[in-house]
Amino acid sequence: MTTTFGKLRNIHFALLTILLCHFGTNVSIGFGLNTSLTVALKAILYLTGIVLFLTSLRPFKKIAIYYLFYPMTPVILAFFYFVHGIFFGLLSSVVLAPIMPVQADYNQDDVKIYSKFNGFLGRCCEYYTTEKYLYVFERFKGTIYTEEEIDFEKAKVILKKDSILIYAKDTYKVRVD
């Protein structure tokens with residue numbers, strides 16, 4: 001029985017290491033794992049964290065304090081949902097940021113465009129663009145700032161060497177940094 005939980009603990013910390021490496025490389029050089037794979041790894045990480053929390057309660061081990069983060073995250077978010085306000089909106093944005101799944105607004109050819117998660121009180125219409133690299137990885141290509149949402153169902157997106165062209169029926173104000 002101990003070996004099963006030992007293996008589960010090893011899987012949990014291996015996933016945590018992989019996700020932290022993904023985060024570090026994504027922030028520093030703009031190269032990371034595919035978002036679908038990242039969401040699956042995060043879900044498995046949370047499930048193993050909850051199981052390990054429940055198994056480390058009796059007898060109580062100090063590592064249970066670390067595992068407490070995993071079952072408490074949904075409880076805190078439910079509390080913040082029912083108790084409204086700016087302060088709780090900011091706190092829930094901080095709690096949700098590491099686990100928020102990202103869904104592509106545009107996904108064709110080798111180009112993926114995602115809405116950036118800026119929290120509940122963040123500004124509107126910030127997108128980031130990635131290019132598929134093999135099947136498992138994505139390379140960051142740039143950020144798009146607009147003053148209103150782009151309807152990607154009606155738009156045609158072309159990736160050039162150093163730029164992205166978006167052909168749409170509507171006109172959008174775009175800010176480039």
Side-chain angles (χ1 to χ4, degrees), residues 4-5 7-56 63-64 66-82 88-146 149-153 155 157 159 164 166:
T4 304
F5 294 116
K7 289 179 184 177
L8 191 61
R9 184 179 62 238
N10 291 341
I11 291 170
H12 176 82
F13 284 109
L15 286 173
L16 184 63
T17 304
I18 290 169
L19 287 170
L20 288 175
C21 289
H22 159 72
F23 176 75
T25 58
N26 206 4
V27 169
S28 62
I29 61 174
F31 190 78
L33 296 172
N34 184 333
T35 54
S36 301
L37 179 62
T38 306
V39 169
L41 292 177
K42 286 178 185 180
I44 295 169
L45 178 75
Y46 266 77
L47 290 175
T48 57
I50 290 170
V51 169
L52 288 169
F53 171 72
L54 295 173
T55 59
S56 63
I63 194 75
Y66 161 73
Y67 294 135
L68 180 65
F69 172 77
Y70 297 100
M72 284 305 293
T73 302
V75 172
I76 290 171
L77 289 175
F79 174 74
F80 289 164
Y81 178 76
F82 291 116
F88 291 119
L90 291 172
L91 282 178
S92 61
S93 294
V94 170
V95 172
L96 259 181
I99 61 172
M100 187 70 180
V102 181
Q103 186 173 359
D105 292 332
Y106 180 85
N107 182 10
Q108 288 187 0
D109 301 327
D110 288 341
V111 180
K112 283 188 176 182
I113 299 176
Y114 301 97
S115 294
K116 189 170 183 182
F117 178 71
N118 291 326
F120 297 117
L121 301 174
R123 66 179 174 192
C124 172
C125 312
E126 187 173 345
Y127 302 96
Y128 67 93
T129 308
T130 62
E131 180 182 24
K132 292 179 188 176
Y133 184 75
L134 300 174
Y135 180 73
V136 182
F137 300 107
E138 290 180 353
R139 180 176 286 139
F140 177 76
K141 285 303 206 180
T143 305
I144 302 168
Y145 303 99
T146 64
E149 290 188 22
I150 298 174
D151 186 10
F152 286 105
E153 292 178 6
V157 177
L159 179 65
I164 293 175
I166 300 175

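The CD1 atom of Ile44 lies 10.0 Å from the CD1 atom of Ile18; values are rounded to the nearest 0.5 Å. Atom NE2 of residue His22 and atom OG1 of residue Thr38 lie 4.0 Å apart, to the nearest 0.5 angstrom. Of the inter-residue distances, the one linking Asn34 atom CG with Leu41 atom CG reads 10.0 Å to the nearest 0.5 angstrom. To the nearest 0.5 Å, atoms OH (Tyr70) and CG (Leu45) are separated by 4.0 Å. Here the straight-line distance linking atom CG of Leu47 with atom CG of Leu15 works out to 10.5 Å at 0.5 Å rounding. If you take CD1 on Ile50 and OG1 on Thr55, they are separated by 12.0 Å, rounding to the nearest 0.5 Å.
Smallest separation of non-hydrogen atoms from Ser56 and Ile63: CB-CG2, 4.3 Å. Shown here for Phe53 and Ala64, the closest heavy-atom pair between the two residues is CD1-O, 3.5 Å. Here the shortest heavy-atom pairing between Phe31 and Thr25 reads O-OG1, 2.9 Å.
Looking at heavy atoms from C-beta onward, Thr4 lies out of side-chain contact with Leu8 at the 4.5 angstrom threshold.
Other residues, nucleotides and ligands contribute over 12 non-hydrogen atoms within 6.0 Å of the CZ atom of Phe13. Tyr66 OH: more than 12 foreign heavy atoms inside a 6.0 Å radius.
We find that Lys112 and Glu138 are joined by a salt bridge, their nearest charged nitrogen and carboxylate oxygen being less than 4.0 Å apart.
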Walk me through whether Leu33 and Asn26 qualify under side-chain contact (heavy atoms from CB on, under 4.5 Å).
CA-CA 8 Å; Leu33 296 172; Asn26 206 4; over 6 Å; no

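Using bins of under 30°, 30° to 60° and over 60° for the plane-to-plane angle, the ring pair Tyr67/His12 lands in the perpendicular bin.
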